[in-house]
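So you know, we letter chains A, B, ... as the sequences are listed, proteins then strands, and number each from 1.
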2 protein chains.
Amino acid sequence: MTVPHLTAVKCSECPIRHRAVCARCDTDELDRLESMKTYRSFAAGEAILWRGEPLEFVASIVSGVASLSKTLEDGRTQMVGLLLPSDFIGRPGRSEIEFDVTATSDVTLCCFDRKPFEKLVDETPHVAHRLMELALDELDSARDWMLLLGRKTAREKIATFIEMLVRRSDLRNAPNNHTTVLPMTRDQIANYLGLTLETVSRQFSALKKDGIIDFSDRKNLVVKNLFALHQETGDDSDGGVLA
Amino acid sequence: MTVPHLTAVKCSECPIRHRAVCARCDTDELDRLESMKTYRSFAAGEAILWRGEPLEFVASIVSGVASLSKTLEDGRTQMVGLLLPSDFIGRPGRSEIEFDVTATSDVTLCCFDRKPFEKLVDETPHVAHRLMELALDELDSARDWMLLLGRKTAREKIATFIEMLVRRSDLRNAPNNHTTVLPMTRDQIANYLGLTLETVSRQFSALKKDGIIDFSDRKNLVVKNLFALHQETGDDSDGGVLA
DNA sequence: GTCATGTGTTGATCTGAATCAAAGTCGTTG
DNA sequence: CAACGACTTTGATTCAGATCAACACATGAC
């Protein structure tokens with residue numbers, strides 16, 4: 001899978017250098033970080049962190065997709081965030097989280113023990129600064145998602161989702177014929193968008209029938225017309241001839 | 001209006017000392033802050049900040065209620081945040097915001113010019129730390145709201161909203177008979193909850209009929225049974241006698 | 001007072017998405 | 001390769017909440 005964030009910034013292989021920590025890659029602290037890191041893997045479906053559990057480490061996604069979700073007492077759940085490669089898990093200064101973190105696909109994390117990581121953060125203001133930026137970015141995207149959940153129709157939700165995937169996974173193609181991989185099942189997409197899996201499936205079928213997207217298989221998606229994604233129903237039957 | 005946050009922390013009158021800046025109130029920096037502050041007022045309905053506009057100041061709400069909202073091209077809008085007295089407006093290190101800020105009622109703000117405020121923040125790590133905490137709090141409540149918008153029913157949305165108001169406005173009453181003031185119109189509540197104003201009105205009526213809440217007038221609300229707020233429909237007709 | 005105007009309630013109807021139900025597709029394992 | 005399970009599609013039906021519409025109730029201006 002392509003990770004534009006990693007190739008965009010020329011720096012060594014550890015993702016945390018890029019998104020979470022280092023806007024100024026030539027400092028000493030990075031060597032300290034480097035010596036602290038460990039890798040952990042989780043199988044698809046496995047829990048990474050439970051709500052309320054003490055937070056032992058911070059981490060950066062190396063590969064795979066993880067999700068943040070909240071659950072009501074009766075089992076209804078809503079994803080509240082999606083973590084793609086190079087994204088950061090962690091709450092500077094917090095020891096608990098308010099949501100579950102689950103591996104959506106097989107996931108590899110690059111982890112740092114929380115305590116020494118926080119010590120490092122406290123001692124290097126530009127790293128703290130970078131983490132604040134990340135938190136504000138998260139806040140902005142959470143608010144975008146609130147608009148989606150509260151006011152968009154099923155088709156608009158799917159369109160926004162596809163557009164987000166294209167934006168994050170495909171930076172080099174021509175304006176049309178973008179390619180993406182759906183990183184999750186219909187059920188998980190439904191949880192992310194505040195829909196049911198049936199509605200997600202129907203909307204994909206409708207977009208396909210309208211010639212806006214196409215599937216080579218269940219996961220691999222071609223967007224044939226990015227602009228039309230955001231248009232009305234594409235009810236193009238042209239008003240057929242009188243019978 | 002009662003502002004529990006202000007009375008809970010014994011400190012001088014400026015709200016920014018309490019929520020945004022100062023967990024350690026005896027430092028010199030506060031005097032610098034004190035000399036920087038100015039007050040601004042906005043009438044109900046007036047815009048405080050527009051999306052994309054350069055951000056000239058940070059501020060703390062002294063009185064009144066303001067809201068953050070996002071709007072789709074066709075006019076559908078969704079509130080993405082509600083600012084009550086002592087809440088903070090501002091994005092350390094950012095010069096723009098991604099949403100509109102509007103005065104929901106008449107509002108008074110305690111403002112600080114952004115540049116000198118940020119200088120102060122850069123020079124005093126514990127203030128930066130406090131701002132990070134605020135950002136993470138915001139993120140947590142944004143995610144709670146995502147669960148509400150994506151998965152809760154109209155009744156549950158109203159119940160959660162009422163409970164939030166009670167929690168923030170009324171800390172000293174007995175477990176039942178909590179009192180609150182609805183700080184906004186039905187229409188604004190609907191925008192906050194991802195509903196229409198008619199649905200909001202109907203749900204209030206239903207809760208009243210079920211004896212769970214009561215209105216002395218349109219704005220003043222008594223919660224007679226906080227627990228029952230979160231129960232099922234309260235369809236208590238008991239299965240009447242056979243006709 | 002009465003006439004606007006903004007706000008709130010209630011009723012009737014419609015509709016988009018949920019729910020219920022049945023098949024179809026793919027990948028895996030024995 | 002057959003049989004199983006996980007995932008997906010599609011159809012029929014239902015229902016919560018939206019929409020459309022009318023009226024009620026304040027408040028303030030004149």
Salt bridge check, [Y] against [X]: does any charged N sit closer than 4.0 Å to a carboxylate O?
{"X": "A/Lys224", "Y": "A/Asp210", "answer": "no"}
{"X": "B/Arg168", "Y": "B/Asp87", "answer": "yes"}
{"X": "A/Glu138", "Y": "B/Arg143", "answer": "yes"}

* Asked: Would you say A/Lys37's side chain and A/Phe112's backbone share a donor-acceptor pair under 3.5 angstrom?
  ->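 Between the backbone of A/Phe112 and the side chain of A/Lys37 there is no qualifying donor-acceptor contact (under 3.5 Å).
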May I have the distance from [X] (atom [atom1]) to [N] (atom [atom2]), rounded to whole angstrom?
{"X": "B/Phe204", "N": "C/dG8", "atom1": "CZ", "atom2": "P", "answer": "10 Å"}
{"X": "A/Phe215", "N": "C/dT25", "atom1": "CZ", "atom2": "C1'", "answer": "14 Å"}
{"X": "A/Asp217", "N": "D/dC7", "atom1": "CG", "atom2": "P", "answer": "15 Å"}
{"X": "B/Leu207", "N": "C/dT9", "atom1": "CG", "atom2": "P", "answer": "12 Å"}
{"X": "B/Ile158", "N": "D/dA16", "atom1": "CD1", "atom2": "C1'", "answer": "14 Å"}
{"X": "B/Asp187", "N": "C/dT9", "atom1": "CG", "atom2": "P", "answer": "13 Å"}
{"X": "A/Leu197", "N": "C/dT19", "atom1": "CG", "atom2": "P", "answer": "10 Å"}
{"X": "B/Leu193", "N": "D/dA16", "atom1": "CG", "atom2": "C1'", "answer": "16 Å"}

Listed by chain and number, what are the side-chain hydrogen bond (donor to acceptor under 3.5 Å, both in side chains) partners of [X], not counting sequence neighbours?
{"X": "A/Arg114", "answer": "A/Glu118"}
{"X": "A/Asn220", "answer": "A/Asp217"}
{"X": "B/Thr160", "answer": "B/Lys152"}

* Mind jotting down which residue pairs meet the ring pair (Phe, Tyr, Trp, His ring centres under 6.0 Å) criterion with at least one end in residues 205-226 of chain B? Sequence neighbours excluded, please. =>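 Of all non-adjacent pairs touching residues 205-226 of chain B, those that pass ring pair (Phe, Tyr, Trp, His ring centres under 6.0 Å) are B/Phe204-B/Phe215.
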* So which pairs with a foot in residues 45-54 of chain B pass salt bridge (Lys or Arg N to Asp or Glu O under 4.0 Å), sequence neighbours left out? ->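 Found B/Arg51-B/Glu98.
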* Does the side chain of A/Thr179 reach to within under 4.5 Å of the side chain of A/Leu221, using non-hydrogen atoms? ->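 No, side chains not in contact.
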Result block: side-chain N/O donor-acceptor pairs under 3.5 angstrom for residues 61-71 of chain A, not counting sequence neighbours:
residue	atom	partner	partner atom	Å
A/Ser67	OG	A/Thr104	OG1	3.3
A/Lys70	NZ	B/Asp144	OD1	2.2

Short N/O separations, protein against nucleotides 4-7 of chain C, under 3.5 angstrom:
none

* Any residue meeting salt bridge (charged side-chain N to carboxylate O under 4.0 Å, His left out) with A/Arg218, in chain and number order, not counting sequence neighbours ->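 Applying salt bridge (charged side-chain N to carboxylate O under 4.0 Å, His left out) to A/Arg218 gives none.
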* Asked: Residues from residues 68-78 of chain B sitting under 4.0 Å of DNA chain C, heavy atoms only?
  ->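 Heavy-atom contacts with DNA chain C come from no residue of residues 68-78 of chain B; none.
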* Have a look at the helix from C/dG1-D/dC30 to C/dG30-D/dC1 and give the angle its two end axes make, five pairs each, rounded to 10 degrees. =>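 About 20° separates the two local helix axes.
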* Report, as a single string ordered 5' to 3', how protein heavy atoms within less than 4.0 Å touch nucleotides 11-17 of chain C: B base, S sugar-phosphate only, - not at all. => BB----S
* Which pairs with one or both residues in residues 73-82 of chain B pass side chain to side chain donor-acceptor pair (under 3.5 Å), sequence neighbours excluded? ->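 Checked against side chain to side chain donor-acceptor pair (under 3.5 Å) - neighbours excluded - the pairs reaching residues 73-82 of chain B are A/Glu156-B/Arg76, B/Asp74-B/Arg76, B/Thr77-B/Asn191.
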* Counting just side-chain N and O atoms, does A/Ser205 come under 4.0 Å of either OP1 or OP2 of D/dT10? ->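 For D/dT10, OP1 or OP2 has a side-chain N or O of A/Ser205 closer than 4.0 Å.
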